[in-house]
Trainee: 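Below: one structure in structure tokens.
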Amino acid sequence: MNRLYLIRHGETQWNKEMRFQGWTDIPLSETGREQAQKLAWRMRDIPIDEIYASPLQRAVETARPMAQLKGLSISTMQAFKEINFGPWEGMTAQEIREGWGESFVEFMKYPEAGTFPGEGSFDQVTERIRQGLDQVLEQKDGKNIAIVSHGGIVRLMIRYLMGFTGEWYNKTWIDNTSISIVEVRPKRGNLLRVLNDFSHLKNGVL
């Protein structure tokens, strides 16, 4: 059994403005950097063997305080980058709606079945996530692994690891620096132990 700590990056200015970020490389805001420090303190007593992150700076910046506290390096992986939304990036939902009309409205209602610019579909995004997770988990047992990524990717990771189907994506949310835990158990089936825990942002303690 391996335990995955799936963590979303800290806040960015575009998060505050509710803009689609995707592959656009936006840094953390001052609040986001504070959140990363609180995350590191939250994780201080939790054994972590390896840390992986999306190569986008908002994920690496979030992972860095935790890595420094634990004396670990950060391995960046392209597979864990956010969903690529192409020309939608940098725009708010209202701006996209004005330009793409009903096709955007339909995607937002049924994202699992919809298509969008950039990577095109959640199936394609999930395939690169699968390849990344297979690489991370290859020939490992009994490891605690942190993956610092993005809200959309964490939701799709959980969906893939748990075998969830249907309209699951829109029925949950992943907050900045929240922690979700999945136990990968090949013989018994994977177990979702924690979803979207961001209590460290409220009180700073475990």
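Nothing fancy with the numbering, it's 1 onward along the sequence.
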Trainee: List the steps, then state whether side chain to side chain donor-acceptor pair (under 3.5 Å) holds for R42 with S199.
Mentor: CA-CA 9 Å; R42 168 75 183 278; S199 57; 3.3 Å; yes
Trainee: Are any non-hydrogen side-chain atoms of Y5 and M66 less than 4.5 angstrom apart?
Mentor: no
Trainee: Mind checking whether V148 and L72 sit in one hydrophobic cluster, side chains of I, L, V, M, F, W, Y counted as touching below 4.5 Å?
Mentor: yes
Trainee: Determine, stepwise, if the pair R97 / Q94 fulfils side chain to side chain donor-acceptor pair (under 3.5 Å).
Mentor: CA-CA 5 Å; R97 189 178 296 111; Q94 180 59 38; 2.9 Å; yes
Trainee: Using 30° and 60° as the class boundaries, would you call the ring planes of F107 and F116 parallel, tilted or perpendicular?
Mentor: tilted
Trainee: Is the shortest heavy-atom distance from the side chain of I46 to the side chain of R3 under 4.5 Å?
Mentor: no
Trainee: Establish whether L4 and M162 are linked, either directly or via other cluster members, by ILVMFWY side-chain heavy-atom contacts under 4.5 Å.
Mentor: yes
Trainee: Measure the shortest side-chain to side-chain distance between N170 and E167 over non-hydrogen atoms and say whether it is less than 4.5 angstrom.
Mentor: no
Trainee: Are L137 and I181 in one and the same hydrophobic cluster, where Ile, Leu, Val, Met, Phe, Trp and Tyr link if side-chain heavy atoms are under 4.5 Å apart?
Mentor: no
Trainee: With sequence neighbours excluded, what pairs up with W168 under the ring-ring contact (aromatic ring centres under 6.0 Å, His included) test?
Mentor: F164
Trainee: Membership question, hydrophobic clusters at under 4.5 Å side-chain separation (ILVMFWY): are F80 and Y160 in the same one?
Mentor: yes
Trainee: Would you call R33-E30 a salt bridge at under 4.0 Å N-O?
Mentor: yes
Trainee: Do W173 and S178 come close enough that some side-chain heavy atom pair is under 4.5 Å?
Mentor: no
Trainee: For K140, does the NZ atom sit with more than 12 other heavy atoms under 6.0 Å from it, leaving out its own atoms?
Mentor: yes
Trainee: Would L133 and R130 count as a side chain to side chain contact (heavy atoms under 4.5 Å, CB included) if you check the C-alpha gap in whole Å, the side-chain angles of each, and the deciding distance to 0.1 Å?
Mentor: CA-CA 5 Å; L133 289 172; R130 182 195 66 77; 5.9 Å; no
Trainee: If you look only at pairs with a residue in residues 67-91, which of them pass as a side chain to side chain donor-acceptor pair (under 3.5 Å), with sequence neighbours excluded?
Mentor: T24-E89
Trainee: If we only count heavy atoms from C-beta on, is the I153 to I147 side-chain gap below 4.5 Å?
Mentor: no
Trainee: Do you see a donor-acceptor pair shorter than 3.5 Å between the side chains of E127 and Q131?
Mentor: yes
Trainee: Which heavy atom of I74 sits nearest to which heavy atom of A67, and what is that distance?
Mentor: CG1-CB, 3.7 Å
Trainee: Measuring from atom CD of Q124 to atom CD of E119, what distance do you get when rounded to the nearest 0.5 angstrom?
Mentor: 7.0 Å
Trainee: Pick one: which of Q35, E61, Q21 meets side-chain contact (heavy atoms from CB on, under 4.5 Å) with H9?
Mentor: Q21
Trainee: Taking the side chain as C-beta and beyond, is there a heavy-atom pair between E95 and R19 under 4.5 Å?
Mentor: yes
Trainee: Please find the pair of heavy atoms, one from M157 and one from I129, that lie closest to each other, and give the distance.
Mentor: CG-CG2, 3.6 Å
Trainee: Would you say L39 and I179 make side-chain contact, with heavy atoms under 4.5 Å?
Mentor: yes
